[in-house]
Protein chains: 2
Amino acid sequence: MALPHAIMTALLEDDMSGYELAKAFDVSVGLFWRSSHQQIYQELHKLADRGWLQCATVAQAGKPDKILYTLTEEGRDAMAEWVLGESRVQEGKDDLYVKLYNLSEDNANHLTAEISRRREHMMQRLYLYEKIRRRHYANPVSLPVRRKGVFLALLAGIRQGEQFLAWCDEALAMLGTIDEPVE
Amino acid sequence: MALPHAIMTALLEDDMSGYELAKAFDVSVGLFWRSSHQQIYQELHKLADRGWLQCATVAQAGKPDKILYTLTEEGRDAMAEWVLGESRVQEGKDDLYVKLYNLSEDNANHLTAEISRRREHMMQRLYLYEKIRRRHYANPVSLPVRRKGVFLALLAGIRQGEQFLAWCDEALAMLGTIDEPVE
DNA sequence: CGCCAATATGCAACCTTTTGCACAGTGAGC
DNA sequence: GCTCACTGTGCAAAAGGTTGCATATTGGCG
């Protein structure tokens, strides 16, 4: 289970509140381990209880108070240890492919539309990836070690995305040859 | 949630028992929606209660009795309806990438080993995919409609797998440039 | 006969994730 | 003053999934 570690990863460099964390997630580790703000708040409590995070209420000008979380030494140690553990192969779960097992003349149009939507969604995702890449990882060879790891994760996202677009095109071409049912 | 529908998909062509289903899963829909036998047995009960499956105890020679499940008309209707619904984009969750966010000299060797293991695992998976492809989907254009859908799912698996292997090689090359810490 | 492996089904406890809701402070605009 | 949007935190219930155990039949091997 990686959520607590994904959260601590986000806190490696910056102290953050739950709200900030939830937003930062959308453009960093969260790209590889998504979760909702409810889950994040809950997990932050657990991590603080375990002594891996420390928290402090901070007053802000023009905004409600926030609770700032800081990674403790114990937290850093736990992270280092976790990385050295076994990680299980993540098996895919995507109902799009289950639906494809049920392809028929009746639903070919619908599935075509779903794949188009997925394609569109992935294009946006790739646009985000490329923006991050250009901004922070233009020259990967010169990066410090940790950032090289982040770059590799980003690269995996980019490659997967590009591959998915190509598959969508193949799939759409094939689905285009299926005739609609006569009414 | 697609588990019930993945199960019904597996029962589209053949009636099966929970045990047979669990095994069939490993080489068909289960490739895209994995689940444990416990979950399958549980779900079969629910589906039978809902009237989407019918069950019958069957005596066997040389083996314990089994409970054979058959898709009902209601079940088929529910499937057809489900395919036409919205399916949400499946966000990836893989701790390998979270771990890469924590790359350091201390864990580079470990992560190299993990990626190698993943690569090996994916090679085996691809071998299975290719075996299925050669055996059943050598000439996709001539397939009946439903089988074309299955082929497209298979193709997605193959493409994703090949892309992953290529990424592993890139990652391993980059990790190879990181020096071990001096003891 | 005893033991193991394969076939076959299932419960119960637990953990994780999702869903829907609730509350409260602040600034901007009407 | 009212409403809206954004910031900020959280609970509670339900659904989904994992882990570990329990049980029973049959056939094969030593």
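Remember, it's a predicted structure, so these values are computed and weren't measured experimentally.
- Ring orientation note: the planes of A:F32 and A:Y129 are close to parallel, at an angle under 30° on the 30°/60° scale.
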Query - Verdict with reasoning, A:Y101 to B:W82, per ring-ring contact (aromatic ring centres under 6.0 Å, His included) - result: CA-CA 12 Å; A:Y101 266 72; B:W82 174 74; over 10 Å; no
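- Using a 4.0 Å heavy-atom cutoff across all strands shown, B:H37 reaches at least one base atom of the nucleic acid.
- Separating the NZ atom of A:K66 from the P atom of D:dT9 is a distance of 8 Å, rounded to the nearest angstrom.
- Between the CD atom of A:Q42 and the C1' atom of D:dG8 there is a distance of 17 Å, given to the nearest Å.
- Salt bridge B:E170/A:R159: present, at least one basic N to carboxylate O contact under 4.0 Å.
- Residues of residues 53-65 of chain A having a heavy atom closer than 4.0 Å to DNA chain D, listed by number: A:Q60, A:K63, A:P64, A:D65.
- With rounding to whole Å, A:L47 atom CG is found 14 Å from C:dT16 atom C1'.
- Classification of A:E13 and A:R147 as a salt-bridged pair fails, no side-chain N sitting under 4.0 Å from a carboxylate O.
- Counting all heavy atoms, side chain and backbone alike, B:S87 lies closest to A:K99 at CB-NZ, 3.4 Å.
- The nearest whole Å value for the distance from the NZ atom in B:K93 to the P atom in C:dT16 is 11 Å.
- Of the candidates C:dC11, D:dT18, C:dT17, C:dC11 carries the atom nearest the B:Q38 side chain, counting heavy atoms from C-beta on.
- Under a 4.0 Å N-O distance rule, the pair B:R125/B:E120 does not qualify as a salt bridge.
- Nearest-nucleotide mapping onto DNA chain D: of B:M1 and A:I67, the residue sitting toward the 5' end is A:I67.
- Ion pairing between A:D95 and B:R88 fails under the 4.0 Å rule for side-chain N and carboxylate O.
- Per the geometry, CD belonging to A:Q39 stands 17 Å off P belonging to D:dT9, to the nearest Å.
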Would you give me the side-chain donor-acceptor pairs under 3.5 Å for residues 53-64 of chain A, sequence neighbours excluded?
residue : atom : partner : partner atom : Å
A:Q60   : NE2  : A:P64   : O            : 2.7

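- Spacing between atom OH of B:Y41 and atom C1' of D:dA22 amounts to 14 Å, rounded to whole angstrom units.
- By the 4.0 Å N-to-carboxylate-O rule, A:E20 lies close enough to A:K66 to be salt-bridged with it.
- Put simply, CD on A:E43 is 8 Å from P on C:dT17, counting in whole angstrom units.
- Distance CG (B:L3) to P (D:dG17): 6 Å, rounded to an integer number of Å.
- Listed by residue number, A:S17, A:G18, A:Y19, A:K23 are the residues of residues 13-27 of chain A with a heavy-atom contact under 4.0 Å to DNA chain D.
- In terms of position along DNA chain C, the nucleotide closest to B:Y69 lies nearer the 5' end than the nucleotide closest to the other residue of the pair A:R34 and B:Y69.
- Heavy atoms of A:R88 sit under 4.0 angstrom from primed sugar atoms or phosphate atoms, though from no base atom.
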